[in-house]
Asks: 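A single structure is presented below for examination.
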Amino acid sequence: MTKPIHILNGPNLNLLGTREPEVYGTMTLADIESACIDRARDLGVPLVFRQSNHEGQLIDWLHDANVNASAVVFNPGAFTHTSVALHDAVRAIEPPVIEVHLSQTAAREDFRHHSYVAPVARGSITGLGLQSYLLGIEAAAKCL
Ligand code: CA2
C-alpha cells in the first residue's frame, strides 16, 4: 500500500485567517487542510496533515516521515530562515521534501530571503498561497 504524503506546518501557521490577510490570505489552516485532503484524494494518495509551533516536534515528525511517508510537503514557517537543525533533519531523511510557502518570501524582508531548508529540499514552491500546497502535493505525488 502507498505510504501517505506528510504535510508539515511550522510556527504560527495555526493563526492563519486571523491577521495579515494581505500577506497570507483569508483561509484558515483548517481550510488549507481540507483543500489538501481533496487534492490528495483526487490523486489517490493518502495524506497526513500536521502543524506545530515547536522545532523539536517538527524534527521528530521529519524522522517519523522517514519511516512512514512517501514524501513530505513542508512549510517550516519562520524556522525556514533560522534553523540549521531542520536543515540537518531534512538532509537526513530519505523521502523527497518539497518546501512550500504561502507568501513570496523573496519579495519580503531581507531576513526572509534565505532558506536553510531550500538547499536540501527536492524543490521549493513559494508565493502562490493555497496553490503552493496543492502544487506541492502534485509534485510529491509525481516523486513517488
Ligand atoms: O509564507 C509562508 O508560508 C511563511 O512560511 C509563513 C511564516 C513566515 O514566517 C515565513 O517567512 C513565510 C509565518 C506564518 C504565520 O503567519 C501568521 C502570523 C500572524 C497571523 C497569521 C499568520
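Every number for a ligand or one of its atoms is a count from 1 in the order of the listing.
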Asks: Sequence neighbours left out, what pairs pass salt bridge (charged side-chain N to carboxylate O under 4.0 Å, His left out) with at least one residue falling in residues 89-109?
Replies: Glu109-Arg112
Asks: When you check the side-chain N and O atoms of Asn9 and Tyr133, is any donor under 3.5 Å from an acceptor?
Replies: yes
Asks: Examine the side chains of Thr28 and Asp31 and answer whether a donor and an acceptor come within less than 3.5 Å of each other.
Replies: yes
Asks: Please tabulate, one line per pair, the protein N or O atoms found under 3.5 Å from any N or O atom of ligand 1, giving the distance to one decimal.
Replies:
residue	atom	partner	partner atom	Å
ligand 1	1 (O)	Leu102	N	3.3
ligand 1	1 (O)	Ser103	N	2.8
ligand 1	1 (O)	Ser103	OG	2.5
ligand 1	3 (O)	Asn75	ND2	2.9
ligand 1	3 (O)	Leu102	N	2.8
ligand 1	5 (O)	Asn75	OD1	2.8
ligand 1	5 (O)	His101	ND1	2.9
ligand 1	9 (O)	Ala78	N	3.4
ligand 1	9 (O)	Arg112	NH1	2.9
ligand 1	11 (O)	His81	NE2	2.7
ligand 1	11 (O)	Arg112	NH1	2.9

Asks: Any side-chain donor paired with an acceptor under 3.5 Å for Gln51 and Asn53?
Replies: yes
Asks: Just say parallel, tilted or perpendicular for the rings of Phe111 and His81, cut-offs at 30° and 60°.
Replies: perpendicular
Asks: Assess whether a salt bridge exists between Arg50 and Asp64, defined as any Lys/Arg side-chain N lying under 4.0 Å from an Asp/Glu carboxylate O.
Replies: yes
